[in-house]
Amino acid sequence: MSGRMDRLTATLTRGLARRTSRRSFLGALGASLVGGAAGPLLPIARAEGPAREPLPGEPSPDSAEGNPDGCSYWRYCAIDGFLSSCCGGRHNVCPPGTSMSPITWLGTCRNPVDGKDYVISYNDCCGKDACGRCFCNRNEGDKPIYYTHKNNDLNWCTGAPSMIYNSTVAVIVGVATRKG
Ligand code: ABN
């Protein structure tokens with residue numbers, strides 16, 4: 001009698017265990033299917049944003065030397081300052097609320113697309129507190145300082161309506177021609 005009871009109990013217990021695990025498996029499967037179907041509906045942050053066009057005659061903005069938001073941009077070879085393009089402006093446009101200094105620092109940078117050297121004017125943007133973002137100090141081809149005004153580490157807002165320095169732009173002013 002007790003042997004039959006034992007066998008019956010064992011059979012019932014095994015059946016219960018089987019049903020319980022199957023139910024929990026099905027539950028998990030159902031939850032994963034519902035979660036998987038909802039996945040595409042969830043908001044996704046797309047960091048890339050719209051595709052950027054290269055500036056005419058310039059490297060792709062997807063490359064370091066063609067990206068005006070980074071210090072390796074080819075026009076910044078002799079810059080010293082916060083990049084206007086990180087401060088609400090563009091590489092050649094000062095941020096809103098600032099004005100461009102009329103006196104500037106000049107550099108000569110090679111455009112990697114056409115291999116030509118361009119004279120670049122680094123105008124400071126003046127009239128708002130220092131931007132503080134994307135500081136870039138490259139000074140390529142810099143010579144030892146023999147006159148303080150022959151150094152880019154200067155506040156060129158001296159000639160602007162406000163002396164308050166915000167950021168710097170890089171404007172092409174011409175193609176450099178080698179003489180002698
Ligand atoms: N030309 C940029 C800059 C501004 C203030 C001080 C140093 C350098």
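In listed order, ligands and their atoms are each counted from 1.
Across Thr168, Val171, Asp69, Leu55, a single residue satisfies side chain to side chain contact (heavy atoms under 4.5 Å, CB included) together with His91, and that is Leu55.
Within 4.0 Å of ligand 1, the residues that place a heavy atom are Asp80, Asp124, Asn152, Asp153, Leu154, Asn155, Trp156, Tyr165, listed by chain and number.
For Trp74 and Tyr118, the ring centers are positioned less than 6.0 Å apart.
In this structure the side chain of Thr158 reaches within 4.5 angstrom of the side chain of Met163, judged on heavy atoms. Taking 4.5 Å as the limit, every side-chain heavy atom of Ser84 sits out of range of all side-chain heavy atoms of Val93. Contact annotation: the side chain of Arg90 never approaches that of Pro68 to less than 4.5 Å [non-hydrogen atoms, C-beta and beyond].
Taking the ring-ring contact (aromatic ring centres under 6.0 Å, His included) definition, one finds that Tyr165 meets it with nothing, sequence neighbours left out.
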